Amino acid sequence: MRVAGTDYLTIRFEGESVFMIDQNLLPFSFSIRECKTMEETCDAIREMTVRGAGAIGAAAGFAMAQAFIASEDPDMAAERIRSTRPTARDLFYSVEKVYEAGQQSVQAAVREAQRLAQSNIDAARSIGKFGEPLIQDGTRVLTHCNAGWLGFVDYGSALAPVYMAHRGGKSVFVYADETRPRSQGARLTAWELSNEGIDHTIVPDNAGAFLMSKGLVDMVIVGADRIAANGDTANKIGTFEKAIVARQFGIPFFVAAPLSTFDLSTPTGEGIEIEERSADEVNYQTGPDKEGQMHTIRVTNPGSDAFNPAFDVTPAEFITGIITEKGIIKPDISAIAALLR
Ligand code: MRU
C-alpha cells in the first residue's frame, strides 16, 4: 500500500512484536502501534486499532505466536484471542493454524503466523487479478465499509480489483459509503483511495437507493467477514440493504473474499454470530476541529438507548458472484464446496 508515496503493510511481525497502522487515528494522523505481548495485540483487535477480516486474521495469528514465544498456556491464549471479536472467520482460522503449528515448536508457530500473513497478501493480489476484468473503463463502483488494504495485510479484497484496474490505466470512480457508526468508508476507504489517486466521493449510508435509482452505480463490491457453506455472507452492518437495492435496480452485487473467510461448518447465515459493539460508538464521534485539536462529541439524544450490531448477513440469492483468489464463483453450496476441496 502507498502512504504518501511510501510502501507500508497494514500489520507485520518483527522479533516478538506486532506492528500495525493505528486505524483509529486515521485519516487525521498516521502512526504505527507496537504490541509487545499477546494481551496487547488482543487489546488492539478489540479496540479496532487493527480491523477488517484479513488484517485481524493476521493479527490473531501473530498474537497466538506471541503466546508461544512467551510460553503462555496455548489453550487459554487461543480462547483469549478468539474472544476479541466473534464474527470474522479469518481470526478463528489463524488461531487454529498457529495453535496447531505451535504443537511442534515455537519457531513453527512463528513461521506459520508469517506464512498466513503472506498468504493474505497473495490472496488479495489474486482477488484483484480475477476481479479486474469486471471493471470497464469508466465503471462507477459503490463499496461499503473498508475492504481495502487497511482491512488486509495489503491490497484488500473489494478494492483490489479497483486498484488493479486503475493501475492498468482504466478510469474508475468509487462511491464510498460513510459506514456509520465507525465511519470506515468515510475515514479509511476515502483515505486509501486518495493515497492511490482514485476518483471517489463519500456518500451518506442512506444514499444507496437514490444513487442506484438514478443510474449512477454500475456495480457494488463489498468484502466479507464470514461466508457460510451456502454463500450467505456476513459483512459490515448496512451491506444487506445495498444488496436489496442493487437487486431492485438490476445492478451486479459482488462479494470479494479469500478462501480463509469461508466457513463450511456454518451451513447458513443464520448460524453466524453477529458482534454487538458498545452504544458509545453510535452516541459519540471523534475528530479534529478546524485547528486540528481532537474532540469526542455526543451526536445523539442524551438518555436514549442505542443498539450497535456490527454486521449483517446478505443471503446468497442477492449476491451475483464471489471473487476469490481462485476465480469468481456463484454463491451456492456446490460451487463453494468444489472451491474449497
Ligand atoms: O468492523 P470492521 O471494520 O472490522 O469490519 C470490516 C468489514 O466489515 C469489512 O468489510 C470486512 O472485514 C471485509 S474486508 C476486510
Side-chain angles (χ1 to χ4, degrees), residues 1 9-11 20-24 26 44-60 84-94 117 120-121 123-124 127-128 131 141-163 174 176-192 205 220-227 233-243 253-263 269 272-278 281-282 308-314 319 322-325:
M1 71 180 69
L9 294 177
T10 300
I11 182 163
M20 58 185 76
I21 295 174
D22 190 334
Q23 300 194 37
N24 283 327
L26 288 174
I45 297 171
R46 215 190 44 253
E47 294 160 10
M48 294 175 67
T49 300
V50 61
R51 49 135 304 278
I56 64 175
T84 54
R85 297 196 72 190
T87 305
R89 165 68 189 148
D90 287 73
L91 185 148
F92 293 77
Y93 179 84
S94 297
N120 183 262
I121 297 176
I127 287 170
V141 176
L142 181 135
T143 191
H144 192 68
C145 194
N146 171 265
W149 34 254
L150 288 165
F152 268 68
V153 181
D154 207 353
Y155 296 100
S157 53
L159 291 183
V162 170
Y163 292 145
V174 178
D177 282 342
E178 61 175 347
T179 319
R180 280 277 288 148
R182 291 189 66 102
S183 304
Q184 288 95 329
R187 295 167 80 128
L188 306 178
T189 299
W191 181 77
E192 273 194 41
D205 284 328
V220 180
I221 317 182
V222 297
D225 285 86
R226 192 179 289 254
I227 302 175
T233 295
N235 192 51
K236 182 52 56 193
I237 190 79
T239 301
F240 183 21
E241 284 179 16
K242 307 303 161 199
F253 181 94
F254 285 94
V255 167
L259 301 190
S260 50
T261 304
F262 288 80
D263 177 9
I272 299 177
E273 185 181 343
I274 300 297
E275 176 183 11
E276 188 185 329
R277 294 188 61 86
S278 165
E281 294 184 349
V282 178
N308 186 14
F311 302 95
D312 58 24
V313 175
T314 301
I319 299 168
I322 306 178
I323 311 167
T324 76
E325 67 269 43

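Keep in mind the model is a prediction, meaning the values are calculated, not measured. Just follow the structure's listing: the first ligand is 1, and inside any ligand the first atom is 1.
- Residue Ala224 approaches ligand 1 through these ligand atoms, each under 4.0 Å from one of its heavy atoms: 11 (C), 13 (C).
- Here Glu178 does not pair with Arg180 in a salt bridge; the nearest charged N to carboxylate O distance is not below 4.0 Å.
- Near Gly223, the atoms of ligand 1 lying under 4.0 angstrom from a non-hydrogen atom of the residue are 13 (C).
- Counting heavy atoms closer than 4.0 Å to ligand 1, residue Asn146 contributes backbone atoms (N, CA, C, O) but none from C-beta onward.
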Problem set entry | Check against side chain to side chain donor-acceptor pair (under 3.5 Å), Arg51 and Asn146 | CA-CA 9 Å; Arg51 49 135 304 278; Asn146 171 265; 3.2 Å; yes
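- Where the criterion is an N or O separation shorter than 3.5 Å, residue side chain and backbone included, Gly54 fails it with respect to ligand 1.
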For this session: Test Asn24 against Arg187 for side chain to side chain donor-acceptor pair (under 3.5 Å), laying out the working first.
Result: CA-CA 9 Å; Asn24 283 327; Arg187 295 167 80 128; over 6 Å; no
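- Of the protein's non-hydrogen atoms, the one nearest atom 10 (O) of ligand 1 is Asn235 OD1, 2.7 Å.
- Annotation: atom 7 (C) of ligand 1 to nearest protein heavy atom, Asp225 OD1, 3.3 Å.
- Residue contact annotation: Ala310 has no non-hydrogen atom under 4.0 Å from ligand 1.
- Taking any N or O of His144, backbone or side chain, none lies under 3.5 Å from an N or O belonging to ligand 1.
- At a heavy-atom cutoff of 4.0 Å, ligand 1 is contacted by the side chain of Arg85 but not by its backbone.
- Considering only non-hydrogen protein atoms, atom 3 (O) of ligand 1 sits nearest to Arg51 NE, 2.5 Å.
- Here's the thing with Ala53: one of its N/O atoms is less than 3.5 angstrom from an N/O atom of ligand 1.
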